[in-house]
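Numbering of ligands and ligand atoms starts at 1, following listing order.
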Amino acid sequence: MLSKLIVAMTLRMPKWFVRWVSRRYVAGSTLDDAVRVMKRLEAEDACFTIDVLGEEISTMDEANYFLEEYVRVMNSIVEHDIDANLSIKPTAFGLLIDEAKGFENIESLVRQAAEHDMFVRLDMEDHRVTTETIQIVLKLHEKGLTNVGTVLQGRLHRTLDDITNVETGLGPMADYRICKGIYLEPENIAYTSRGDIRKATNDAIKEALAKGAYVGIASHDQPVVDFSLKTLNELKMGPGHLDPRSNAGAERKGKGPGYEFQMLLGVCGPLRRKLAKQGHRTRVYIPYGEMWYEYSIRRLQENPTIGLQVAKAFLMPWSNRP
Ligand code: FDA
């Protein structure tokens, strides 16, 4: 209750206040801000994936902006020698305006990234584009671009079938981020209770690992992390081991031994640092961009527990950093 009240109050505060609160979750408004944050977090043994803030667009000109900005990001990663890859939203590249042109834009970025041996992750948006997003990955692999993968959302009923289908198409090159899914989807296509979503996410992580895929375990939920560690242990996967799965792909640049843990900037740092200390590869999702305000407001609305973080930031301002 208290948390929800604080969130409601924060949403009515001036922009500068939201900016101050969000500095924990958003690297800043410029690429230089993102580089600065990553350079600092390198000391915590983290690697990164960068997200230029912004989602569904209304004109293809906006898609050009994202394409150009991501090329700048890519060049900056190379220039600063940062262990990082890219996370993109297909709708920001025009998928819902002109599917063919959207695909062309994404292909162009993935092709340029391939020249640097850099991976591109297609974030998964809401159910309107689930099939299309998976299809883009399959088509790019068919064209020989294997430095691309997508995200599967545990909450969707279809996810175990998607793992089987993608496995048929990509075999050992399948590479997913598996998360619960942030979009509140209707109950005819998705689990809606907390317990069911957690169980379905665990099932998806287990299935993808069993099928030999590379798996980015993207959760801050301790039971999901514990379940993943237990599953890795059963598969004899873990820090210091080469991936022992006979159905897995070859080792890949910038990747862990068949899996990695992924977390959002500013969320559950102690858990991430603990996993890193145990030797697990940990990747931080780094959002930055001019759209920081919209992103921050959405996060506040989606996750009312942030209210307590806001209160803490106010009472202990020195603690309000990623
Ligand atoms: P849960 O929601 O139970 O959170 C566990 C605890 O973590 C909470 O109690 C809270 O303390 C903390 N927490 C979680 N999220 C927080 C937040 N945003 N701010 C502050 N605290 C938070 N989804 C999607 O649909 N498509 C995608 O492409 C991605 N990509 C993605 C990348 C990465 C690296 C991560 C970690 C997550 C995503 N997600 C996503 C979001 C994901 O689907 C999910 O909504 C969130 O991770 C929250 O789910 P948890 O498993 O963390 O559990």
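- Smallest separation of non-hydrogen atoms from Ala114 and Leu145: CB-CD2, 4.1 Å.
- Polar contact with ligand 1: present for Met124 (N/O pair, distance under 3.5 Å).
- Remark: ligand 1 atoms within the under-4.0 Å shell around heavy atoms of Ser219 are 50 (P), 51 (O), 52 (O).
- The shell of residues lying under 4.0 angstrom from ligand 1, judged by heavy atoms, includes Leu264.
- Nearest-residue assignment for atom 53 (O) of ligand 1 (options Lys180, His220, Glu260; heavy-atom criterion): Lys180.
- Taking distance alone, with nitrogen or oxygen atoms compared against 3.5 Å, Tyr25 stays at or beyond that limit from ligand 1.
- Taking each of Asp126, Ile182, Asp221 in turn, the one with a heavy atom nearest to atom 5 (C) of ligand 1 proves to be Asp221.
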What pairs of donor and acceptor atoms, side-chain ones from residues 207-223 against any protein atom, are under 3.5 angstrom apart with sequence neighbours left out?
| unit_1 | atom_1 | unit_2 | atom_2 | d |
| --- | --- | --- | --- | --- |
| Glu207 | OE2 | Lys211 | NZ | 2.5 |
| Tyr214 | OH | Gly256 | N | 2.7 |
| Tyr214 | OH | Tyr259 | O | 3.3 |
| Tyr214 | OH | Glu260 | OE1 | 2.7 |
| Ser219 | OG | Asp221 | N | 3.0 |
| His220 | NE2 | Leu264 | N | 3.1 |
| Asp221 | OD1 | Arg198 | NH2 | 3.2 |
| Asp221 | OD2 | Lys180 | NZ | 2.8 |
| Asp221 | OD2 | Arg198 | NE | 2.7 |
| Asp221 | OD2 | Arg198 | NH2 | 3.1 |
| Gln222 | NE2 | Asp226 | OD1 | 3.0 |

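- In terms of N/O distances under 3.5 Å, ligand 1 is not approached by Tyr183.
- Listed by number with element, the atoms of ligand 1 under 4.0 angstrom from any heavy atom of Val151 are 27 (C), 28 (O).
- Atoms of ligand 1 found under 4.0 Å from any heavy atom of Gln153 (numbered from 1 in listed order, with element): 24 (C), 25 (O), 26 (N).
- Remark: ligand 1 atoms within the under-4.0 Å shell around heavy atoms of Asp123 are 28 (O).
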Between Gln278 and Lys274, is the side chain to side chain contact (heavy atoms under 4.5 Å, CB included) condition met? List the steps. CA-CA 6 Å; Gln278 290 167 354; Lys274 185 172 164 200; 3.8 Å; yes
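- The proximity of Arg198 to ligand 1, defined as any non-hydrogen pair under 4.0 Å, does not occur for either the backbone or the side chain.
- A side-chain hydrogen bond (donor to acceptor under 3.5 Å, both in side chains) with Glu125 is found for one member of Thr133, Thr130, Thr91 and no other, namely Thr91.
- What you find for Ala190 and Glu185 is that their closest heavy atoms are CB-CB, 3.6 Å.
- For the pair Cys179 and ligand 1, the shortest N or O to N or O distance does not fall below 3.5 Å.
- Here Arg283 has no heavy atoms under 4.0 Å from ligand 1, in either its backbone or its side chain.
- Ligand 1 has at least one atom lying under 4.0 Å from a heavy atom of Arg194.
- For the pair Val224/Asn202, a side-chain contact is recorded, criterion being any heavy-atom separation below 4.5 Å from C-beta on.
- Counting heavy atoms from C-beta outward, Arg158 and Leu152 have side chains that stay 4.5 Å or more apart.
- To the nearest 0.5 Å, atoms OH (Tyr288) and CG (Asp32) are separated by 9.5 Å.
- Note that SG of Cys47 and NZ of Lys255 are 9.0 Å apart. Values are rounded to the nearest 0.5 Å.
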